[in-house]
Amino acid sequence: MTEPKKMALTSMDIAEERREELKRCLGSAFPEVFAEGAIDFEQLRRVLGDWVEPGKERFGLNWPGKAECMKIIQQPSVATLKPVREESVNFDESENLFVVV
């Protein structure tokens with residue numbers, strides 16, 4: 001009997017997937033932007049002709065802790081979502097469901 005396939009217990013690493021997608025899309029056109037497995041954002045800005053002053057004002061939605069929040073939501077998760085069939089409407093057909101965490 002063969003062993004069942006083992007599944008990863010963490011969620012996807014969204015940030016890593018996005019970096020890899022950038023590298024696939026831009027790597028051949030702008031190889032100087034990708035150095036030692038990282039993205040050189042300053043070099044990317046230079047390549048694109050963006051000479052914006054660092055202190056230039058702009059509109060945005062900011063609050064204390066926003067950077068930490070963005071860091072946390074991009075980390076892989078080991079949580080499990082459990083569907084609640086009895087509270088879902090047409091669970092087997094609709095693909096809409098309630099989730100309890």
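- Salt-bridge annotation for Lys23 and Glu20: absent, with no side-chain N of the basic residue lying under 4.0 Å from a carboxylate O of the acidic one.
- In the hydrophobic clustering of ILVMFWY residues, with side-chain heavy atoms under 4.5 Å counting as a link, Phe30 and Phe41 come out together.
- The residues Glu21 and Arg24 are annotated as salt-bridged, a charged nitrogen and a carboxylate oxygen being separated by less than 4.0 angstrom.
- Between Asp40 and Phe34, every side-chain heavy-atom pair lies at or beyond the 4.5 Å cut-off.
- With a 4.5 Å cut-off on side-chain heavy atoms, Ile39 and Leu22 count as touching.
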